[in-house]
> 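My structure is below; once you've seen it, I'll send some questions.
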Amino acid sequence: MTDFGYTLSRSSTVNLDEADRSLWLRLEKLEPDLRLCMACGSCSASCTAAELGGMSLRKVILDLDRGRDPAPIVSACMLCGKCSMVCPRGINTRHLILSLCRIYEKK
Amino acid sequence: MNDRIASGFAPFVIPFVVGMVFVLGYCFYALVKILLQLPREDRVRFLRSLVTPRCIWKNVRDIFCDCLLHVKLWRRNPLLGYMHSSIAFGWFMLIVLGHVEVMLFVPHRIHFLYYPIFFNYFVAETSETIQGAALFFLMDFFLLIVLSGIALAMIKRVRSRWFGLRRTTRPSLLDRVGLYSLWSIFPLRLLAEGFTAHISGGSFLIVPLNWLFRQFLGNDMNMLPTWWAYSAALCVFMCVLPFTRYMHIPAEMLLIPMRNAGLTIRHPRRGLARVEVFSCPGCGVCIDACPMTVKKANTRDATVYLNRQIRRGNERRIEEISDKCLLCGKCTAVCQVGVEGPMLRVAQRATRHYGLEPDFSGLDTAPVQNNMERFEGAPEGERVAYFAGCMTQLTPGISRSVESVLKKAGVDYRFIDRDGGICCGRPMLTAGRFHQAWQLIRKNSELIRSSGCNVLLLSCPICYKVFREHYRLEGIRVVHHSDYFHELMEQGRLRVEKGDLTYVFHDPCELGRGSGIYEQPRRVLGCAGYLTEAEKNRRESICCGGSLGSLTLGFSQREDITKAALRNLTEGGPDVVVTACPLCRSTFRRYADRPVWDLAEALDKQST
């Protein structure tokens, strides 16, 4: 194959019929605020741990919704609470993260 | 003074002896259990403190002042102080003087547990009585003191506001049994001694009472029943004591030496935590003090209810109360016993099991390291590293002002987290995730050491508290900017002109109650303008409501708390609300009707 210096990015299609959204559904029961998120990304923009461990709450919530494993991202969170200060929807982000850590089960 | 009853026994003493043996047995059992619950090193430390002369003296003094005289309560409200100390100290003196009487007049009866309590029943007045006149006088005097305290206690049930209490707890059923039996003990004693005074003798209180009774009662038929009633009331009180709030009486006597030995809460239910929970007298001062209880919300989440739920073992409520608290520490500041509500809650949070345990031990700090400003070599003198911390990153106005002030004062500084850094670890600690917090603390310590500084300047009290208490940074002085700027002014390195603005200073929880810094920011503001004081300030300052301590309080639930704190600050009509915490500043700014500045910003505007 000819090397053009770039490649096609992997398809990020999400097949919701196959995705395992059980974690999202369980978290949603504990944290109804989850549905308030409009993925604006203020949390990720202000995040202390973003640069250090790739934390992004926006990504975590999107990943959960799409049935992907949020563990690698969410375990970078340092709980500093800046996201809860900037969230325009007033989501209690720290408690959301703690609840997620609580109900998470290793696959 | 002679023995009136040859055997030295009357059946009515049985209830008292039963109660006494039960309560002493229970307290001994509880003491042994708690000592066994303490971690080994704590137990050794505690027992060693009990034989250290300086500690013994401190323990005796504290127990005398706090448990008997209730000195702290006097300061809070004299009427409340008098009520408590009259009952506690008066009762104590009645017991002590009772023993003195037995030792003086019937020394062969001293090993009878009940003799000092029912002394007047067992003795008959003789010509020697005159020697005891002073003792009789004191006995009557202290009985009168106790009775006055009981009368005040009855008034307090209906007019608690006279005693400075707005909201108090609702006593449980057993608490009521204990309360009414305690109230009845002393009037019954008065009656019993009154009916007996013509035989046993007495002083200004019971002798006239006896004379009065004898005017219309022709015989001594009332004597025994009242002694029985007195004994029964004592029995009821002592038998319910371990299951009521009156357990605080023996528990506090254990708490004081434990605290003086320097023990800390390690487990939410065992050891010291248990002693603290049982030391809570359930007075409810913490309900009014708690910033969450504004507009009658969250009243049931005050520390007094946490203690009650822990005693009842209501796990669901314990979890709920533990997670909601802002950890502002005001309940501890106003508590007469000093129950550390926030520590109990953090210990509870630490017991939680998480399916996902982050690990920061392998955290790559290169992104921070590469961008960090640092001291090359080790120049002589002060090398100040300014660590803004997460919250100051959100309020760049503060870090700009800090830098500006430092430049004006000619301080050689490096802004070590200009491009971001690691969280200090305190939010992790307060969430009860100690393991992760320590990993962050270790990583951050490495970073700070690598900056080559010898002074670590912080503009966030949340960081300041954890740096002071948990970091091991040998050779580096940790200082909050309010303290440091005050020093710069004192040394004449920073010139400040007095402006015409009026400021009110809000004491951030972690700076005031948390670290004991109250004066420095006020002196700085006093030089920069005119300072007014809020009604509730210093140790009793009201949390801004933004605290990271609370895990479950949502954005909207915090609004009332913030507004109440602002009302307290702005009542005196200041032009500007000044605080020394980026989190307080952000929180207040949402609802404030006037400017809210950080201390650095206020100082920057007035300094040259």
Side-chain angles (χ1 to χ4, degrees), chain A residues 22-23 26-27 30-37 42-57 60 63-64 69-107, chain B residues 323-324 349 352-360 362-368 371 389-395 417 419-433 436-437 439-440 443-444 462-463 546-559 582-583 586-587 590:
Chain A
S22 58
L23 197 55
R26 274 164 61 211
L27 187 62
L30 291 173
E31 303 282 333
D33 278 8
L34 196 56
R35 295 208 313 237
L36 288 177
C37 176
S42 301
C43 45
S44 312
S46 63
C47 185
T48 297
E51 205 182 354
L52 288 158
M55 171 66 190
S56 162
L57 185 59
V60 169
D63 277 356
L64 277 173
D69 185 11
I73 304 180
V74 81
S75 49
C77 172
M78 298 174 183
L79 282 183
C80 73
K82 277 198 296 194
C83 42
S84 61
M85 298 293 292
V86 298
C87 180
R89 306 287 280 165
I91 300 174
N92 187 351
T93 51
R94 293 177 77 225
H95 198 250
L96 194 149
I97 291 164
L98 284 173
S99 294
L100 175 58
C101 288
R102 270 184 102 170
I103 61 170
Y104 187 83
E105 283 159 20
K106 280 211 179 75
K107 294 235 169 72
Chain B
D323 280 3
K324 203 184 257 184
R349 293 174 187 181
R352 211 150 288 162
H353 176 75
Y354 290 94
L356 188 63
E357 292 281 5
D359 181 24
F360 295 107
L363 185 73
D364 181 18
T365 53
V368 180
N371 291 326
C390 305
M391 283 301 160
T392 316
Q393 305 277 4
L394 271 189
T395 49
D417 60 342
D419 293 310
I422 302 184
C423 173
C424 63
R426 179 143 175 91
M428 221 29 130
L429 271 182
T430 55
R433 309 191 81 176
Q436 283 81 1
Q439 288 173 336
L440 287 176
K443 285 279 166 188
N444 221 348
I462 307 171
C463 300
S547 168
L548 291 176
S550 172
L551 300 179
T552 50
L553 272 184
F555 188 79
S556 52
Q557 291 162 291
R558 294 174 188 250
E559 184 177 337
L583 184 52
S586 305
T587 312
R590 286 194 195 114

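Just so we're clear, the structure is a prediction, and the values are computed from it rather than from any experiment. In what follows, chains carry the letters A, B, and so on, assigned in the order in which the sequence lines appear, proteins first and then strands, with residues in each chain numbered from 1. Both backbone and side-chain heavy atoms feed into the values below; hydrogens, waters and symmetry mates do not.
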> What is the distance from atom CD of B:Q439 to atom CE of A:M78, rounded to the nearest 0.5 Å?
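CE of A:M78 is found 10.5 Å from CD of B:Q439.
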> State, with a plain yes or no, whether a side-chain heavy atom of A:R94 is found less than 4.5 Å away from one of B:P427.
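When only atoms from C-beta onward are counted, B:P427 and A:R94 do touch, with a gap below 4.5 Å.
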> Taking only heavy atoms into account, what residues of residues 46-53 of chain A are found under 4.5 Å from chain B?
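So the qualifying residues are A:S46, A:T48, A:E51, A:L52.
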> Side chain from CB out, backbone as N, CA, C, O: work out which of these in B:L551 comes under 4.5 Å of a heavy atom of chain A, or both, or neither.
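Contact with chain A involves both backbone and side-chain atoms of B:L551.
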> With a 4.5 Å heavy-atom cut-off, do A:K82 and B:Q393 have their side chains touching?
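Yes, close enough: below the 4.5 Å cut-off.
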> Working to the nearest 0.5 Å, report the span between CZ of B:R352 and SG of A:C101.
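So the gap between those two atoms works out to 12.5 Å.
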> Is any side-chain heavy atom of A:M85 closer than 4.5 Å to a side-chain heavy atom of B:T587?
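Sidechains of B:T587 and A:M85: in contact.
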> Which atoms of B:R590 are under 4.5 Å from chain A, going by heavy atoms: the side chain, the backbone, both sets, or neither?
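The side chain, not the backbone.
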> For the atom pair OG (A:S75) and OH (B:Y354), what is the distance rounded to the nearest 0.5 Å?
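Rounded to the nearest 0.5 Å, the OG-OH separation comes out at 14.5 Å.
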> Under a 4.5 Å heavy-atom cut-off, does chain A meet the side chain of B:I462, its backbone, both or neither?
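Answer is neither: B:I462 stays 4.5 Å or more from chain A.
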> In terms of heavy-atom pairs under 4.5 Å, which option from B:D323, B:L440, B:D419 contacts chain A the most?
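Top count of heavy-atom pairs under 4.5 Å with chain A: B:L440.
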> Go through the atoms of B:R558 and report whether side chain, backbone, both or neither lie under 4.5 Å from a heavy atom of chain A.
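When you check distances to chain A, no heavy atom of B:R558 falls under 4.5 Å.
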> Let's go through A:L98 and B:R433 carefully: what are the C-alpha distance in whole Å and the side-chain angles of both, what is the deciding distance for side-chain contact (heavy atoms from CB on, under 4.5 Å) to 0.1 Å, and is it a yes or a no?
CA-CA 10 Å; A:L98 284 173; B:R433 309 191 81 176; 3.9 Å; yes
> To the nearest 0.5 angstrom, please state how far the SG atom of A:C80 sits from the CE atom of B:M428.
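Here the interatomic distance stands at 9.5 Å.
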> Of the backbone (N, CA, C, O) and the side chain (C-beta and beyond), which part of B:D417 lies under 4.5 Å from a heavy atom of chain A, both, or neither?
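Neither part; nothing is under 4.5 Å.
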> In terms of heavy-atom proximity below 4.5 Å to chain A, should B:S550 be classed as side chain, backbone, both, or neither?
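The backbone, not the side chain.
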> side-chain contact (heavy atoms from CB on, under 4.5 Å) with A:R89: which residues, sequence neighbours excluded?
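With neighbours one apart ignored, the set is A:L36, A:M38, A:C87, A:I91.
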> I need the B:T430 OG1 to A:L79 CG distance, nearest 0.5 Å.
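Going from OG1 on B:T430 over to CG on A:L79, the span is 8.0 Å.
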> Pick one of side chain, backbone, both or neither for B:L548, based on which atoms fall under 4.5 Å of a heavy atom in chain A.
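Contact with chain A: backbone and side chain both.
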